[in-house]
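Note sheet for the following structure.
No experiment lies behind these values; they were computed from the predicted model shown.
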Amino acid sequence: MKISVQHDDFDVSTESLRLTESNPAIGAVVSFVGHVRDTSHNQNLVDMTLEHYPGMTEKQLSEIAVEAQKRWHLEDLTIIHRVGALKPTEQIVLVITASSHRQDAFEAAQFLMDWLKTKAPFWKKETTKDGQSQWVEALDSDNDAANKWINPKT
Amino acid sequence: MKISVQHDDFDVSTESLRLTESNPAIGAVVSFVGHVRDTSHNQNLVDMTLEHYPGMTEKQLSEIAVEAQKRWHLEDLTIIHRVGALKPTEQIVLVITASSHRQDAFEAAQFLMDWLKTKAPFWKKETTKDGQSQWVEALDSDNDAANKWINPKT
Amino acid sequence: MKICYFAWMREKMDMAEEELTLPTTIKTVADLMDFLKKRDEKGAHAFDDSSLLRVAVNQSFANFDHPLSDSDEVAFFPPVTGG
Amino acid sequence: MKICYFAWMREKMDMAEEELTLPTTIKTVADLMDFLKKRDEKGAHAFDDSSLLRVAVNQSFANFDHPLSDSDEVAFFPPVTGG
(Lines give C-alpha, C1' and ligand atoms only; values in the text may rest on other atoms or scores of the structure.)
Protein backbone atom coordinates (compact mmCIF):
# COMPACT_ATOMS: atom_id res chain seq x y z
CA MET A 1 0.00 0.00 0.00
CA LYS A 2 1.38 3.37 -1.03
CA ILE A 3 -0.09 6.73 -0.12
CA SER A 4 1.58 9.93 -1.20
CA VAL A 5 0.77 13.65 -1.20
CA GLN A 6 3.22 15.43 -3.46
CA HIS A 7 3.67 18.25 -5.93
CA ASP A 8 5.56 16.08 -8.43
CA ASP A 9 3.76 14.42 -11.30
CA PHE A 10 3.34 10.62 -11.33
CA ASP A 11 3.51 7.94 -14.01
CA VAL A 12 0.56 5.53 -14.11
CA SER A 13 2.52 2.72 -15.78
CA THR A 14 5.38 2.90 -13.29
CA GLU A 15 3.00 2.89 -10.36
CA SER A 16 0.89 -0.03 -11.62
CA LEU A 17 3.78 -2.21 -12.77
CA ARG A 18 5.34 -1.73 -9.32
CA LEU A 19 2.31 -3.59 -7.93
CA THR A 20 1.97 -6.32 -10.54
CA GLU A 21 5.47 -7.33 -11.59
CA SER A 22 6.15 -9.49 -8.55
CA ASN A 23 2.62 -10.67 -7.75
CA PRO A 24 1.20 -13.35 -10.10
CA ALA A 25 -2.06 -13.42 -8.10
CA ILE A 26 -3.04 -10.04 -9.58
CA GLY A 27 -5.35 -10.42 -12.56
CA ALA A 28 -7.02 -7.02 -12.60
CA VAL A 29 -5.67 -3.51 -12.14
CA VAL A 30 -7.96 -0.49 -12.22
CA SER A 31 -6.45 2.98 -12.33
CA PHE A 32 -8.28 6.24 -11.97
CA VAL A 33 -6.58 9.49 -12.92
CA GLY A 34 -8.22 12.85 -12.29
CA HIS A 35 -7.11 15.68 -14.58
CA VAL A 36 -7.34 19.45 -14.30
CA ARG A 37 -10.41 20.18 -16.35
CA ASP A 38 -11.23 23.53 -17.83
CA THR A 39 -14.70 23.98 -16.37
CA SER A 40 -14.76 27.72 -17.01
CA HIS A 41 -16.86 27.21 -20.17
CA ASN A 42 -14.79 29.56 -22.29
CA GLN A 43 -11.55 27.67 -21.71
CA ASN A 44 -9.76 30.45 -19.93
CA LEU A 45 -8.43 28.53 -16.94
CA VAL A 46 -4.80 29.48 -16.32
CA ASP A 47 -4.11 27.20 -13.41
CA MET A 48 -5.57 25.36 -10.48
CA THR A 49 -3.93 25.43 -7.07
CA LEU A 50 -4.46 22.61 -4.62
CA GLU A 51 -4.16 23.32 -0.92
CA HIS A 52 -4.35 20.61 1.73
CA TYR A 53 -4.15 19.99 5.48
CA PRO A 54 -0.79 18.27 6.03
CA GLY A 55 -1.13 15.48 8.54
CA MET A 56 -4.89 15.17 8.33
CA THR A 57 -4.69 14.43 4.59
CA GLU A 58 -2.41 11.41 5.04
CA LYS A 59 -4.50 10.24 8.01
CA GLN A 60 -7.75 10.43 6.07
CA LEU A 61 -6.30 8.76 2.97
CA SER A 62 -4.94 5.90 5.11
CA GLU A 63 -8.31 5.40 6.79
CA ILE A 64 -10.09 5.32 3.42
CA ALA A 65 -7.52 2.83 2.07
CA VAL A 66 -7.91 0.55 5.08
CA GLU A 67 -11.70 0.66 4.69
CA ALA A 68 -11.37 -0.38 1.01
CA GLN A 69 -9.15 -3.29 2.00
CA LYS A 70 -11.76 -4.39 4.54
CA ARG A 71 -14.59 -4.32 2.02
CA TRP A 72 -12.92 -5.86 -1.06
CA HIS A 73 -10.32 -8.50 -1.81
CA LEU A 74 -7.38 -6.35 -2.85
CA GLU A 75 -3.82 -7.46 -3.42
CA ASP A 76 -2.56 -3.90 -3.21
CA LEU A 77 -3.52 -0.26 -3.73
CA THR A 78 -1.93 3.11 -4.35
CA ILE A 79 -3.18 6.65 -3.80
CA ILE A 80 -1.19 9.66 -5.02
CA HIS A 81 -2.61 13.18 -4.77
CA ARG A 82 -0.80 16.24 -6.07
CA VAL A 83 -0.80 19.65 -4.39
CA GLY A 84 0.34 23.10 -5.51
CA ALA A 85 -0.22 24.80 -8.87
CA LEU A 86 -1.31 22.65 -11.83
CA LYS A 87 -2.16 23.56 -15.44
CA PRO A 88 -5.18 22.38 -17.48
CA THR A 89 -4.94 18.70 -18.58
CA GLU A 90 -2.33 17.96 -15.85
CA GLN A 91 -2.83 14.91 -13.63
CA ILE A 92 -4.19 15.65 -10.13
CA VAL A 93 -4.89 12.32 -8.48
CA LEU A 94 -4.13 8.65 -9.02
CA VAL A 95 -5.91 5.69 -7.44
CA ILE A 96 -4.83 2.15 -8.33
CA THR A 97 -6.47 -1.03 -7.09
CA ALA A 98 -5.05 -4.48 -7.81
CA SER A 99 -7.03 -7.66 -7.26
CA SER A 100 -7.47 -11.21 -8.52
CA HIS A 101 -10.82 -10.22 -9.95
CA ARG A 102 -11.95 -7.19 -11.86
CA GLN A 103 -15.19 -6.59 -9.94
CA ASP A 104 -13.29 -6.00 -6.69
CA ALA A 105 -10.75 -3.76 -8.40
CA PHE A 106 -13.46 -1.68 -10.11
CA GLU A 107 -15.66 -1.24 -7.04
CA ALA A 108 -12.78 -0.46 -4.70
CA ALA A 109 -11.37 2.17 -7.06
CA GLN A 110 -14.75 3.84 -7.34
CA PHE A 111 -15.20 3.74 -3.57
CA LEU A 112 -11.74 5.23 -2.98
CA MET A 113 -12.45 8.13 -5.32
CA ASP A 114 -15.94 8.78 -3.92
CA TRP A 115 -14.66 8.90 -0.35
CA LEU A 116 -11.50 10.81 -1.19
CA LYS A 117 -13.67 13.47 -2.85
CA THR A 118 -15.62 14.14 0.37
CA LYS A 119 -13.28 13.06 3.18
CA ALA A 120 -9.74 14.08 2.22
CA PRO A 121 -8.92 17.70 3.10
CA PHE A 122 -7.95 19.19 -0.27
CA TRP A 123 -9.22 22.45 -1.70
CA LYS A 124 -9.00 23.71 -5.27
CA LYS A 125 -8.66 27.31 -6.35
CA GLU A 126 -8.99 28.25 -10.01
CA THR A 127 -7.27 31.22 -11.65
CA THR A 128 -8.63 32.41 -14.99
CA LYS A 129 -7.09 34.58 -17.73
CA ASP A 130 -8.84 37.72 -16.51
CA GLY A 131 -6.80 37.44 -13.30
CA GLN A 132 -9.77 36.35 -11.20
CA SER A 133 -9.31 33.46 -8.83
CA GLN A 134 -11.94 31.58 -6.92
CA TRP A 135 -12.34 28.55 -4.70
CA VAL A 136 -14.09 25.61 -6.34
CA GLU A 137 -17.38 24.77 -4.64
CA ALA A 138 -18.19 21.29 -3.39
CA LEU A 139 -20.80 19.38 -5.39
CA ASP A 140 -23.92 17.74 -4.02
CA SER A 141 -23.33 14.94 -6.52
CA ASP A 142 -20.04 14.12 -4.75
CA ASN A 143 -21.86 13.80 -1.44
CA ASP A 144 -24.46 11.56 -3.04
CA ALA A 145 -21.73 9.37 -4.53
CA ALA A 146 -19.97 9.08 -1.17
CA ASN A 147 -23.19 8.25 0.65
CA LYS A 148 -23.83 5.23 -1.58
CA TRP A 149 -20.97 3.51 0.25
CA ILE A 150 -21.98 4.26 3.85
CA ASN A 151 -23.09 0.71 4.45
CA PRO A 152 -20.75 -2.06 3.32
CA LYS A 153 -22.60 -4.23 0.81
CA THR A 154 -24.14 -7.32 2.32
CA MET B 1 -11.22 5.92 -30.46
CA LYS B 2 -8.44 3.36 -30.80
CA ILE B 3 -8.93 -0.38 -31.07
CA SER B 4 -5.98 -2.69 -31.52
CA VAL B 5 -5.31 -6.43 -31.46
CA GLN B 6 -1.57 -6.98 -31.25
CA HIS B 7 1.13 -9.20 -29.82
CA ASP B 8 3.25 -6.26 -28.64
CA ASP B 9 2.98 -5.00 -25.10
CA PHE B 10 1.41 -1.60 -24.40
CA ASP B 11 2.15 1.26 -22.02
CA VAL B 12 -0.80 2.54 -19.96
CA SER B 13 0.67 6.01 -19.43
CA THR B 14 1.42 6.54 -23.11
CA GLU B 15 -2.04 5.40 -24.11
CA SER B 16 -3.86 7.54 -21.56
CA LEU B 17 -1.81 10.69 -22.03
CA ARG B 18 -2.46 10.40 -25.78
CA LEU B 19 -6.15 10.94 -24.95
CA THR B 20 -5.82 13.66 -22.34
CA GLU B 21 -2.97 15.93 -23.39
CA SER B 22 -4.93 17.83 -26.00
CA ASN B 23 -8.43 17.62 -24.50
CA PRO B 24 -9.05 19.92 -21.49
CA ALA B 25 -12.64 18.63 -21.21
CA ILE B 26 -11.37 15.32 -19.82
CA GLY B 27 -11.50 15.23 -16.03
CA ALA B 28 -11.55 11.48 -15.42
CA VAL B 29 -9.62 8.63 -16.97
CA VAL B 30 -10.26 5.04 -15.92
CA SER B 31 -7.89 2.32 -17.08
CA PHE B 32 -8.37 -1.40 -16.70
CA VAL B 33 -5.44 -3.74 -17.26
CA GLY B 34 -5.87 -7.51 -17.21
CA HIS B 35 -2.78 -9.51 -16.31
CA VAL B 36 -1.83 -13.15 -16.85
CA ARG B 37 -2.69 -14.64 -13.50
CA ASP B 38 -1.32 -17.89 -12.23
CA THR B 39 -4.60 -19.61 -11.44
CA SER B 40 -3.01 -23.05 -11.33
CA HIS B 41 -2.95 -22.91 -7.50
CA ASN B 42 0.62 -24.19 -7.22
CA GLN B 43 2.07 -21.39 -9.34
CA ASN B 44 3.31 -23.60 -12.15
CA LEU B 45 1.95 -21.69 -15.11
CA VAL B 46 4.60 -21.41 -17.82
CA ASP B 47 2.68 -19.39 -20.30
CA MET B 48 -0.71 -18.47 -21.65
CA THR B 49 -1.43 -18.36 -25.35
CA LEU B 50 -4.19 -16.19 -26.71
CA GLU B 51 -5.86 -17.15 -29.98
CA HIS B 52 -8.45 -14.98 -31.71
CA TYR B 53 -10.66 -14.76 -34.79
CA PRO B 54 -9.05 -12.07 -36.98
CA GLY B 55 -11.71 -9.87 -38.52
CA MET B 56 -14.48 -10.83 -36.14
CA THR B 57 -12.43 -9.65 -33.14
CA GLU B 58 -12.03 -6.11 -34.46
CA LYS B 59 -15.69 -6.06 -35.55
CA GLN B 60 -16.92 -7.12 -32.11
CA LEU B 61 -14.63 -4.73 -30.25
CA SER B 62 -15.82 -1.84 -32.43
CA GLU B 63 -19.46 -2.71 -31.78
CA ILE B 64 -18.87 -2.86 -28.03
CA ALA B 65 -17.03 0.48 -28.14
CA VAL B 66 -19.84 2.15 -30.10
CA GLU B 67 -22.38 0.79 -27.61
CA ALA B 68 -20.37 2.28 -24.71
CA GLN B 69 -20.29 5.65 -26.45
CA LYS B 70 -24.06 5.50 -26.88
CA ARG B 71 -24.68 4.75 -23.23
CA TRP B 72 -22.20 7.10 -21.52
CA HIS B 73 -20.73 10.54 -22.11
CA LEU B 74 -17.22 9.66 -23.18
CA GLU B 75 -14.63 11.97 -24.65
CA ASP B 76 -12.61 9.03 -25.94
CA LEU B 77 -11.78 5.38 -25.38
CA THR B 78 -9.08 2.84 -26.16
CA ILE B 79 -9.13 -0.95 -26.30
CA ILE B 80 -5.92 -2.95 -26.79
CA HIS B 81 -5.92 -6.75 -26.57
CA ARG B 82 -2.78 -8.83 -26.92
CA VAL B 83 -2.62 -12.21 -28.66
CA GLY B 84 0.06 -14.92 -28.80
CA ALA B 85 2.15 -16.31 -25.95
CA LEU B 86 2.31 -14.35 -22.69
CA LYS B 87 4.05 -15.08 -19.36
CA PRO B 88 2.59 -14.80 -15.86
CA THR B 89 2.15 -11.17 -14.68
CA GLU B 90 2.28 -9.88 -18.29
CA GLN B 91 -0.39 -7.45 -19.48
CA ILE B 92 -3.19 -8.98 -21.60
CA VAL B 93 -5.77 -6.30 -22.15
CA LEU B 94 -6.16 -2.54 -21.74
CA VAL B 95 -9.38 -0.57 -21.66
CA ILE B 96 -9.28 3.20 -21.16
CA THR B 97 -12.29 5.46 -20.86
CA ALA B 98 -11.99 9.25 -20.72
CA SER B 99 -14.87 11.48 -19.67
CA SER B 100 -15.68 14.79 -18.03
CA HIS B 101 -17.03 12.89 -15.03
CA ARG B 102 -15.72 9.89 -13.17
CA GLN B 103 -19.03 8.00 -12.93
CA ASP B 104 -19.29 7.76 -16.72
CA ALA B 105 -15.66 6.71 -17.06
CA PHE B 106 -15.97 4.02 -14.35
CA GLU B 107 -19.23 2.53 -15.61
CA ALA B 108 -18.18 2.52 -19.26
CA ALA B 109 -14.86 0.80 -18.45
CA GLN B 110 -16.66 -1.89 -16.47
CA PHE B 111 -19.20 -2.36 -19.25
CA LEU B 112 -16.46 -2.63 -21.90
CA MET B 113 -14.65 -5.33 -19.92
CA ASP B 114 -17.82 -7.28 -19.12
CA TRP B 115 -18.91 -7.35 -22.75
CA LEU B 116 -15.42 -7.95 -24.11
CA LYS B 117 -15.16 -11.00 -21.83
CA THR B 118 -18.23 -12.65 -23.38
CA LYS B 119 -18.49 -11.15 -26.89
CA ALA B 120 -14.96 -10.79 -28.25
CA PRO B 121 -13.61 -13.99 -29.85
CA PHE B 122 -10.45 -14.66 -27.85
CA TRP B 123 -9.47 -18.01 -26.33
CA LYS B 124 -6.83 -18.68 -23.71
CA LYS B 125 -4.74 -21.82 -23.44
CA GLU B 126 -2.56 -22.41 -20.39
CA THR B 127 0.67 -24.41 -20.37
CA THR B 128 1.99 -25.60 -17.01
CA LYS B 129 5.45 -26.78 -15.90
CA ASP B 130 4.52 -30.45 -16.27
CA GLY B 131 4.11 -29.83 -20.01
CA GLN B 132 0.32 -30.09 -19.89
CA SER B 133 -1.69 -27.50 -21.74
CA GLN B 134 -5.38 -26.85 -21.58
CA TRP B 135 -7.98 -24.41 -22.80
CA VAL B 136 -9.35 -22.08 -20.13
CA GLU B 137 -13.05 -22.62 -19.54
CA ALA B 138 -15.55 -19.79 -19.67
CA LEU B 139 -16.99 -18.66 -16.34
CA ASP B 140 -20.66 -18.35 -15.46
CA SER B 141 -19.74 -15.26 -13.46
CA ASP B 142 -18.59 -13.57 -16.67
CA ASN B 143 -21.95 -14.25 -18.27
CA ASP B 144 -23.74 -12.87 -15.23
CA ALA B 145 -21.56 -9.75 -15.33
CA ALA B 146 -22.30 -9.24 -19.04
CA ASN B 147 -26.04 -9.77 -18.59
CA LYS B 148 -26.25 -6.92 -16.06
CA TRP B 149 -25.76 -4.53 -18.98
CA ILE B 150 -28.32 -5.97 -21.42
CA ASN B 151 -30.71 -3.12 -20.86
CA PRO B 152 -29.27 0.39 -20.95
CA LYS B 153 -29.95 2.04 -17.61
CA THR B 154 -33.04 4.17 -17.54
CA MET C 1 -18.68 -21.78 -48.02
CA LYS C 2 -15.76 -21.06 -45.69
CA ILE C 3 -15.79 -22.82 -42.33
CA CYS C 4 -13.39 -21.74 -39.55
CA TYR C 5 -12.51 -23.55 -36.35
CA PHE C 6 -10.97 -21.99 -33.25
CA ALA C 7 -9.44 -23.14 -29.95
CA TRP C 8 -10.21 -26.79 -29.17
CA MET C 9 -12.55 -27.02 -32.18
CA ARG C 10 -9.51 -26.30 -34.38
CA GLU C 11 -7.60 -29.01 -32.54
CA LYS C 12 -10.42 -31.57 -32.70
CA MET C 13 -11.09 -30.92 -36.38
CA ASP C 14 -7.34 -30.83 -36.97
CA MET C 15 -7.67 -27.81 -39.26
CA ALA C 16 -8.18 -24.06 -38.92
CA GLU C 17 -10.53 -23.73 -41.88
CA GLU C 18 -11.96 -25.49 -44.90
CA GLU C 19 -13.90 -24.68 -48.06
CA LEU C 20 -17.13 -26.61 -48.54
CA THR C 21 -19.70 -26.52 -51.31
CA LEU C 22 -22.97 -26.57 -49.44
CA PRO C 23 -25.08 -29.69 -50.09
CA THR C 24 -28.57 -28.46 -50.98
CA THR C 25 -30.05 -30.23 -47.97
CA ILE C 26 -28.23 -27.86 -45.61
CA LYS C 27 -30.42 -24.87 -44.83
CA THR C 28 -29.29 -23.86 -41.32
CA VAL C 29 -26.33 -23.92 -38.96
CA ALA C 30 -27.88 -26.95 -37.24
CA ASP C 31 -28.03 -28.80 -40.58
CA LEU C 32 -24.34 -28.01 -41.17
CA MET C 33 -23.39 -29.22 -37.68
CA ASP C 34 -25.28 -32.45 -38.28
CA PHE C 35 -23.54 -32.89 -41.64
CA LEU C 36 -20.04 -32.32 -40.18
CA LYS C 37 -20.78 -34.60 -37.22
CA LYS C 38 -21.66 -37.47 -39.55
CA ARG C 39 -18.89 -36.79 -42.07
CA ASP C 40 -16.02 -38.46 -40.19
CA GLU C 41 -14.54 -39.47 -36.84
CA LYS C 42 -13.12 -36.02 -36.13
CA GLY C 43 -16.44 -34.36 -36.83
CA ALA C 44 -18.23 -36.89 -34.64
CA HIS C 45 -15.88 -36.03 -31.77
CA ALA C 46 -15.85 -32.26 -32.28
CA PHE C 47 -19.63 -31.86 -32.68
CA ASP C 48 -20.53 -34.46 -30.04
CA ASP C 49 -21.92 -31.97 -27.52
CA SER C 50 -23.35 -28.93 -29.28
CA SER C 51 -24.10 -27.21 -25.96
CA LEU C 52 -20.34 -26.55 -25.69
CA LEU C 53 -20.24 -24.77 -29.04
CA ARG C 54 -20.73 -21.22 -30.19
CA VAL C 55 -21.28 -20.19 -33.81
CA ALA C 56 -20.58 -17.09 -35.84
CA VAL C 57 -22.03 -16.48 -39.29
CA ASN C 58 -20.20 -13.79 -41.26
CA GLN C 59 -18.33 -12.82 -38.10
CA SER C 60 -21.42 -12.20 -35.96
CA PHE C 61 -22.69 -14.55 -33.27
CA ALA C 62 -25.61 -16.65 -34.55
CA ASN C 63 -28.07 -19.20 -33.25
CA PHE C 64 -28.16 -22.79 -34.49
CA ASP C 65 -31.31 -22.07 -36.52
CA HIS C 66 -29.59 -19.30 -38.48
CA PRO C 67 -30.08 -19.83 -42.27
CA LEU C 68 -27.00 -20.44 -44.41
CA SER C 69 -26.04 -19.68 -47.99
CA ASP C 70 -23.02 -20.78 -49.96
CA SER C 71 -21.29 -17.41 -49.71
CA ASP C 72 -21.35 -17.36 -45.90
CA GLU C 73 -18.37 -17.63 -43.57
CA VAL C 74 -19.25 -19.88 -40.63
CA ALA C 75 -17.09 -20.36 -37.54
CA PHE C 76 -17.35 -22.90 -34.72
CA PHE C 77 -15.62 -22.39 -31.39
CA PRO C 78 -16.02 -22.78 -27.62
CA PRO C 79 -17.32 -19.92 -25.43
CA VAL C 80 -14.81 -17.07 -25.50
CA THR C 81 -12.30 -16.54 -22.69
CA GLY C 82 -10.41 -13.33 -23.49
CA GLY C 83 -9.88 -10.24 -21.43
CA MET D 1 -4.94 25.28 21.55
CA LYS D 2 -3.83 25.37 17.95
CA ILE D 3 -6.39 26.62 15.43
CA CYS D 4 -5.83 26.11 11.68
CA TYR D 5 -7.63 27.75 8.77
CA PHE D 6 -7.73 26.46 5.20
CA ALA D 7 -8.88 27.68 1.77
CA TRP D 8 -11.14 30.73 1.99
CA MET D 9 -11.23 30.48 5.79
CA ARG D 10 -7.47 31.10 5.75
CA GLU D 11 -8.03 34.08 3.46
CA LYS D 12 -10.92 35.51 5.48
CA MET D 13 -9.08 35.08 8.80
CA ASP D 14 -5.91 36.36 7.10
CA MET D 15 -3.82 33.68 8.81
CA ALA D 16 -3.09 29.98 8.42
CA GLU D 17 -3.02 29.22 12.14
CA GLU D 18 -2.98 30.72 15.58
CA GLU D 19 -2.34 29.67 19.17
CA LEU D 20 -5.12 30.41 21.61
CA THR D 21 -5.43 29.77 25.34
CA LEU D 22 -8.96 28.50 25.70
CA PRO D 23 -11.21 30.74 27.78
CA THR D 24 -12.85 28.49 30.40
CA THR D 25 -16.28 29.29 28.99
CA ILE D 26 -15.47 27.44 25.77
CA LYS D 27 -16.54 23.80 26.07
CA THR D 28 -17.37 22.87 22.47
CA VAL D 29 -16.54 23.66 18.86
CA ALA D 30 -19.72 25.75 18.70
CA ASP D 31 -18.53 27.81 21.70
CA LEU D 32 -15.19 28.42 19.97
CA MET D 33 -16.90 29.46 16.72
CA ASP D 34 -19.06 31.89 18.65
CA PHE D 35 -15.98 33.31 20.43
CA LEU D 36 -14.04 33.79 17.16
CA LYS D 37 -17.06 35.33 15.45
CA LYS D 38 -17.36 37.95 18.18
CA ARG D 39 -13.61 38.55 18.54
CA ASP D 40 -13.13 40.88 15.57
CA GLU D 41 -14.30 41.96 12.10
CA LYS D 42 -12.48 39.13 10.33
CA GLY D 43 -13.99 36.52 12.62
CA ALA D 44 -17.44 38.04 12.15
CA HIS D 45 -17.04 37.73 8.39
CA ALA D 46 -15.44 34.24 8.37
CA PHE D 47 -17.88 32.65 10.79
CA ASP D 48 -20.94 34.47 9.47
CA ASP D 49 -22.59 31.36 7.95
CA SER D 50 -21.60 28.24 9.85
CA SER D 51 -23.47 26.00 7.40
CA LEU D 52 -20.61 26.63 4.95
CA LEU D 53 -18.00 25.41 7.42
CA ARG D 54 -16.48 22.04 8.25
CA VAL D 55 -14.46 21.31 11.39
CA ALA D 56 -11.71 18.88 12.29
CA VAL D 57 -10.60 18.24 15.85
CA ASN D 58 -7.20 16.57 16.09
CA GLN D 59 -7.29 15.94 12.35
CA SER D 60 -10.62 14.07 12.31
CA PHE D 61 -13.91 15.52 11.13
CA ALA D 62 -16.05 16.63 14.09
CA ASN D 63 -19.51 18.01 14.72
CA PHE D 64 -20.09 21.47 16.15
CA ASP D 65 -21.02 19.96 19.53
CA HIS D 66 -17.66 18.20 19.83
CA PRO D 67 -16.04 18.97 23.26
CA LEU D 68 -12.71 20.80 23.27
CA SER D 69 -9.70 20.83 25.56
CA ASP D 70 -6.69 23.13 25.53
CA SER D 71 -4.39 20.54 23.95
CA ASP D 72 -6.62 20.03 20.90
CA GLU D 73 -5.82 21.04 17.34
CA VAL D 74 -8.93 22.50 15.72
CA ALA D 75 -9.27 23.32 12.02
CA PHE D 76 -11.95 25.30 10.16
CA PHE D 77 -12.41 25.01 6.41
CA PRO D 78 -15.00 24.84 3.63
CA PRO D 79 -16.25 21.46 2.29
CA VAL D 80 -13.35 19.67 0.60
CA THR D 81 -12.93 19.71 -3.19
CA GLY D 82 -9.97 17.46 -3.97
CA GLY D 83 -9.69 14.52 -6.29
Should [X] and [Y] count as side-chain neighbours, where that means a heavy-atom distance under 4.5 Å?
X: B:Ile80; Y: B:Gln6; answer: yes
X: B:Ile79; Y: B:Leu116; answer: yes
X: C:Leu52; Y: C:Trp8; answer: yes
X: B:Glu75; Y: B:Leu19; answer: no
X: C:Val55; Y: C:His66; answer: no

Under a 4.5 Å heavy-atom cut-off, does chain C meet the side chain of [X], its backbone, both or neither?
X: B:Lys124; value: both
X: B:Gln134; value: neither
X: B:Lys117; value: both

* **Contact class of C:Arg10 relative to chain B, heavy atoms under 4.5 angstrom** =>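 The side chain, not the backbone.
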
Note to self: At a heavy-atom distance under 4.5 Å, which candidate from C:Ala75, C:Pro79, C:Pro78, C:Cys4 has the highest pair count against chain B?
What the structure shows: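 Looking at each of C:Ala75, C:Pro79, C:Pro78, C:Cys4 in turn, C:Pro78 comes out on top.
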
Does NZ or CZ of B:Arg71 come closer than 6.0 Å to the centre of the six-membered ring of B:Trp115, within 45° of the ring's axis?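 Ring-cation test returns yes.
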
B:Trp72-B:Glu107 side chain donor-acceptor pair, cut-off 3.5 Å
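There is such a pair between these side chains.
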
**Request:** Could you please state which residues from residues 11-47 of chain C sit under 4.5 angstrom from chain B, measuring non-hydrogen atom to non-hydrogen atom, sorted by number, or 'none'?
**Result:**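 Counting heavy atoms that sit under 4.5 Å from chain B, the residues of residues 11-47 of chain C involved are C:Glu11.
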
Distance from C:Phe6 atom CZ to B:Trp135 atom CH2, nearest 0.5 Å?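 Going from the CZ atom of C:Phe6 to the CH2 atom of B:Trp135 covers 10.5 Å.
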
